[in-house]
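No experiment lies behind these values; they were computed from the predicted model shown. Letters go in sequence order (proteins before strands), and every chain restarts at 1.
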Amino acid sequence: MSGTLDLTLAIATLWLAVGLAGLVAPRNLGLIRRLLFPLGAVLGLALAASALHGLFQSPTARVLPLGLPDLPFRARIDALSAFFLLLLGGVAAGISVFASGYIRRGEGTPPGLQCLYYHIFLASMALVLIADDAYFFMVAWETMALASFFLVTSDHRHAEIRRAGYLYLLIAHVGAIAILLCFGALQGGSGDYSFAGMRGVERPVGWASAAFLLALAGFGAKAGLVPLHVWLPEAHPAAPSPVSALMSAVMLKTAVYGVLRVTLDLIGTVYWWWGVIALATGLLSALGGIVFAAVQTDMKRLLAYSSIENIGLIFAGFGLTLIFRSFHMGTLAALALTATLYHCLNHACFKSLLFLCTGSVLHATHERSLGKLGGLMHRMPWVAWCALIGTIAIAGLPPLNGFASEWLLLQAFLFTPGLPHSYLNMLVPVAAAVVALTAALSGYVMVKFYGVVFLGQPREPKLAEARDAGAWERVGLAWLAAACIVLGLVPAAVIGLLDPVTRALTGFGMASLAEGWLFLAPIQPERASYSPLVFFAGIAALVGIAWLAVRLRYHGRMRRTGPWDCGFPHLDARMQDTAEGFGQPVRQVFEPFFRIEQQVPAPSDARPFFREVHDDRLWHWLYLPIARAVDRVTSLVTVLQRGRISVYLTYSFVTLLLLLLFVR
Amino acid sequence: MLLHYGPQLVNLLAAILLLLAFAMLSQRRILSLINLFAAQGFVLFLSTMLVAWLTGQNHLYGSAALTLALKVIALPWILHRLIRRLEVKWDVETLLNIPSVMLVGIVLVILAFNLALPISQLAGTVTRSTLGIALACVLLSFLMMITRSKAVPQVIGFLAMENGLFFAATSAVYGMPMVVEFGVALDVLVGALILGIFLFQIRERFDSVDTRHLEKLKEQ
């Protein structure tokens, strides 16, 4: 295992070196595209391989010769870190290959600088995952936030992108403060900020709860949990697509890692109501996220809201883990945690795949708005087929990976009647229903996404010139699509990978509970079991038989004729269902979620125009009041602002004198 | 013999330092101000050498060398170049009424002595009586920064304040640890350079290095 730790540190260093190499010739696109990004991808693969090896080793720790005197950086790798490193390395490899085909000149920040930020971002995420004291963790965490901020604002010439970046940075820092305070609560007066020291501290309920709530708020802000999710739909569309993919797929998962590390590892003893809070916020995020995704008309915003939904599901699974663990139901806690981690891995694969697909579409058409896309299936078959795999996976349809983890999560929910708490017994089935509703809605949203972008007729004439993705982009897309398929087809093997993690965190593993390698049967095979391979074989057999039957029976007896056109032979692109139209039923049903502004044209209007804006109510209930309050307070302080240096100096002079007199 | 008069000599140098601080407070011409600043640095160098020799604290020789290099040679040279390039060499500043500023200065000195009294009683060094003077130098330099409106004298006031702090450190506890001292020295150097760049920017914007023009930047 020490090999894995050393290798991880080496790869993080090499990533930094690759990034710095981008500075040597910041405008030499050939070097950056053909050498540096592929090199970063190879390093990602190496990281994934070493983490896969490290998953089954015992934890190792080490003190690094870095940091301040008497406050060195400590690094440690255990099964949890190794699992998330595997996720990071595997997904980053695909995204880096894609990025080497994607990066262009003349889009704001020069390519070399983007290469630097990108690789610093990767390295800092790896370091977050192996940090073993609060100091190192915070340094890596903030480096990650800053690197991603600069990546989000790559196109800094647009005012709205700068605004999105500012919002992201603001919420990232609010979150970082909460995390810092959480570590303060965790050390429990011992003054020891190493994670090893925190594990040993006995804390009263109050301090432990404060630490948990701060961790939930701090990491939730990074993960995009309601109500701190507002940055996600702004920052993801603003960022270049590989960056959106990396942020959504991996950076949000580092927040999940953080909350798991703090709660299950550092705090140790948990209380059932913590789980209820995590479950409730998770479900709220999941439902809110998917409902908002349904009404979006910008494809990247839609995916960003869908990320909120998936993070919500992950936190719901985490909440369930806490509830089971607080009642010492180890096996069920392990089941819920397995579902949570599995969904992390799956979301990383399909969401990065879909973001990269939107990137290809964006480059081919220069259009992000769903209302101006359509019919790209014929123009961009590679992207369309990869996006189809991602869409099926994210919609939670078998036999792809999204179904496997959502099914496991629902299985975990179905075991809650065994809880020794009557209120929970009544409430948790409602939560299970919300999860099911969310899964169904996400299917609806994904049909909208795929149908509007790739199917039907092109809505704009310029779409006819769209070109398919280049070779590098195809490799990146194919890698992630293959991951979606493999993770879906062999869930038993994936659960085998998760076994050491759940064993370390809950004391129980699920590996022995999977029925062989073919069937997946949590707890008892009589209750429920699922085999994607059998399912897949069944579907394949049915399709094959149908195809053969049609071919044998009807072949050659075809008659071509004009379709029944309802008396209107001239079908054109404007008659297709639009993104707004598709989302309309959801908007109607979930109307209380939105704050809707409508402008309906008058009957006599010569140029009728219908305008509707969907706004997040939280903006008006939470963010704007806070912003106004800050404005009011600062306007009081501006009285002090005189604009003259000597006045300012007098302020500090008088303060100094008063302090001197005071301490005397 | 010299050992006997040593502490007296330190006191004498401290008095000169205070005198120079007052001189800087009342000096109108920028060029003379820089020369006074260099003189103050030189006195500081002498007193540090003396304290080092009296107490046998060898690391103070290093501090003294640093003072000589930085505050007597480097910074005045930078400042001379700065005013030559800014073409403000012969500038004369309209000050507040000098006698009243001096009176405020005297009040500050009294205050400083009063404040330093309990600390110097605690300190066991040969130079403890000079702590009040060091504090007075800091406050006077601060006052100088407040009363000037041109940028260069403000920079000099800032640097002179550091002189006072340094003197306080040598007189109260025989200097700071070397690593802190290097850090502060670097800070001062970098600060002077940044302020230099800043001054060019101000002049480019307002055609003058009078910081009163910055008032226009105030948010309405």
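- With chain A as partner, the option from Leu143(B), Leu108(B), Leu135(B) having the largest number of non-hydrogen pairs under 4.5 angstrom is Leu108(B).
- Contact record, Leu649(A) with Phe142(B): O-CE2, 3.4 Å, taken as the closest heavy-atom pair.
- Within 6.0 Å of atom CZ in Arg617(A), more than 12 heavy atoms from other residues, nucleotides or ligands are found, so the atom counts as buried in its surroundings.
- With rounding to the nearest 0.5 Å, the separation of CE in Met145(B) from OG1 in Thr650(A) is 10.5 Å.
- No more than 12 heavy-atom neighbours from other residues, nucleotides or ligands sit within 6.0 angstrom of OH on Tyr166(A).
- In this view, Arg74(A) satisfies the salt bridge (Lys or Arg N to Asp or Glu O under 4.0 Å) rule with no residue, not counting sequence neighbours.
- Remark: Arg595(A) pairs with Glu597(A) by the salt bridge (Lys or Arg N to Asp or Glu O under 4.0 Å) rule, at least two apart or across chains.
- Only the side chain of Leu111(B) comes within contact range of chain A, with at least one heavy atom under 4.5 Å from a heavy atom of that chain.
- Atom CZ of Phe158(B) has 12 or fewer heavy atoms from other residues, nucleotides or ligands within 6.0 Å.
- In this structure, chain B has a heavy atom under 4.5 Å from the side chain of Leu656(A), while its backbone stays farther away.
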